[in-house]
Enquirer: 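One structure coming up, written as structure tokens, with questions to follow.
Heavy-atom basis, side chains included; hydrogens, waters and symmetry copies ignored. Since the model is a prediction, treat every value here as computed from it, not as a measurement. All ligand and atom numbering here is 1-based and tracks the order in the structure.
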Amino acid sequence: MGDALDRLDAEITVCRRCPRLVAWREEVAATKRAAFRDEEYWGRPVPGFGPHRAPIAILGLAPAAHGGNRTGRIFTGDRSGDVLFAALHRAGLANQPTSTSSDDGLTLRGTRIFAAVRCAPPDNKPTPAERDNCAPFLHREMRELVPDLRVVVALGAFAWAAFWPAARAVYGVAPARKVPFGHGTLWRADGAPALLGCYHVSQQNTFTGRLTPGMLDEVFARAKELAGLS
Ligand code: SF4
């Protein structure tokens, strides 16, 4: 099982299926942000991160241009990641509260993090065609996690929407009617992992207080409960 995920990770990192995103990720990597001008940017698709046996999955939108697209690890090296990994550490799901580079020693417990789209998109907005191009990677990754996966935490409405085709493809289940995204919304069905909604850890949400550390703590406490992790 682990080997299949390793192979998938390797396959993802060389994908060039979306011309607009390939051009953008490489342009950002070449021009860089001033603060990181001495760094070598990753500039490629960003695979999932975390153990291969994970009862909790965290599903994000896409890597950040100067975060994952720079460091090569999802939610690593940006403000969103600062908030996310601090919360995972408080929840006992990460060994350290920070995530600054791909060799910073961070490890996760029972938790795998991945994104619906694996390349950084301009303005954090992938097109529907790019989302659909990348969906098979998400479905394959979820398929590899099947034996252990109990709950998927969807960060924001885009990730929430990306879950349903994955649930259909991997588990053969679909809700009878549309389930709107909401922070704290929980969807459950027999034979599939639970889906738990959480506002995205973006600066727009965390700087404005729409998403607080306390709200994240509640989400991860609930996720742990659903996953049977104490
Ligand atoms: S977004 Fe996904 S499908 Fe498109 S180029 Fe990146 S890895 Fe490939």
Side-chain angles (χ1 to χ4, degrees), residues 1-33 36 39-52 54 57-78 80-81 84 99 101-102 108 111-146 149 152-171 181 195 200-202:
M1 184 179 64
D3 288 349
L5 257 186
D6 287 338
R7 281 197 298 277
L8 175 63
D9 289 349
E11 202 179 312
I12 287 171
T13 60
V14 295
C15 181
R16 303 181 67 83
R17 207 175 296 160
C18 306
R20 187 184 77 116
L21 298 188
V22 171
W24 174 251
R25 75 192 193 206
E26 292 179 356
E27 184 193 326
V28 169
T31 54
K32 306 183 184 181
R33 178 177 280 170
F36 308 122
E39 290 188 29
E40 178 91 9
Y41 272 53
W42 173 253
R44 288 156 58 186
V46 180
F49 173 64
H52 292 184
I58 299 173
L59 178 57
L61 194 170
H66 301 280
N69 189 57
R70 174 173 60 91
T71 62
R73 197 173 67 194
I74 193 75
F75 282 114
T76 296
D78 62 21
S80 300
L84 177 62
S99 175
S101 69
S102 60
L108 302 182
T111 305
R112 178 104 178 156
I113 305 179
F114 41 62
V117 170
R118 310 300 177 118
C119 292
D123 298 324
N124 291 319
K125 287 198 179 79
T127 64
E130 290 160 353
R131 175 202 62 201
D132 293 347
N133 280 349
C134 215
F137 287 143
L138 172 63
H139 302 179
R140 280 173 60 188
E141 188 151 4
M142 281 184 52
R143 195 167 284 124
E144 293 307 322
L145 296 176
V146 162
L149 189 60
V152 176
V153 177
L155 297 179
F158 190 97
W160 181 267
F163 172 81
W164 304 113
R168 250 193 319 277
V170 179
Y171 295 93
F181 168 76
L195 177 66
H200 195 279
V201 288
S202 66

Enquirer: Let me confirm one number: the CZ-CG distance from R25 to N69, rounded to the nearest 0.5 Å.
Expert: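 The CZ atom of R25 sits 8.0 Å away from the CG atom of N69.
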Enquirer: CG/L21 to CZ/R16 distance, rounded to the nearest 0.5 angstrom?
Expert: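 That separation rounds to 11.5 Å.
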Enquirer: Show which atoms of ligand 1 fall inside a sub-4.0 Å distance from at least one heavy-atom site of L21.
Expert: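 Every atom of ligand 1 under 4.0 Å from some heavy atom of L21: 1 (S).
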Enquirer: When you measure from atom 8 (Fe) of ligand 1 to every protein heavy atom, which one gives the shortest distance, and what is it?
Expert: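 Here the closest protein heavy atom is C15 SG, 2.3 Å.
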Enquirer: Rounded to the nearest 0.5 Å, how far does CZ of F75 lie from OG of S99?
Expert: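 It is 10.0 Å, given to the nearest 0.5 Å.
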Enquirer: I need the atoms of ligand 1 closer than 4.0 Å to a non-hydrogen atom of C18, numbered in the order shown.
Expert: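 Reading through ligand 1 atom by atom, the close ones are 1 (S), 3 (S), 4 (Fe), 5 (S).
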Enquirer: Is the terminal nitrogen or CZ of R168 (NZ for Lys, CZ for Arg) located under 6.0 angstrom from the six-membered ring centre of F163 and within 45° of that ring's axis?
Expert: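 Not flagged: R168 not positioned over aromatic ring of F163.
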Enquirer: Against heavy atoms of N133, which atoms of ligand 1 measure under 4.0 Å?
Expert: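 Per the distance check, 3 (S).
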Enquirer: Applying the side chain to side chain contact (heavy atoms under 4.5 Å, CB included) criterion to R70, which one of E39, K32, E40 satisfies it?
Expert: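 The residue from E39, K32, E40 that satisfies side chain to side chain contact (heavy atoms under 4.5 Å, CB included) with R70 turns out to be E39.
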Enquirer: Just which atoms of ligand 1 are under 4.0 Å from any heavy atom in V117?
Expert: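 This gives 1 (S) as the contact atoms.
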Enquirer: Distance under 4.0 Å to a non-hydrogen atom of P45: what atoms of ligand 1 satisfy this?
Expert: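 The list of qualifying atoms is 7 (S).
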Enquirer: Strictly under 2.8 Å, is atom 2 (Fe) of ligand 1 approached by any N, O or S atom of C134?
Expert: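 Yes, C134 qualifies, because one of its backbone or side-chain N, O or S atoms lies under 2.8 Å.
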Enquirer: Under 2.8 Å from atom 8 (Fe) of ligand 1 - does any N, O or S atom of C119 fall there?
Expert: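 Short answer: no, not a single N, O or S atom is under the cut-off.
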Enquirer: State the CG-CD distance between D9 and E144, to the nearest 0.5 angstrom.
Expert: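 Reported value, rounded in 0.5 Å steps: 10.0 Å.
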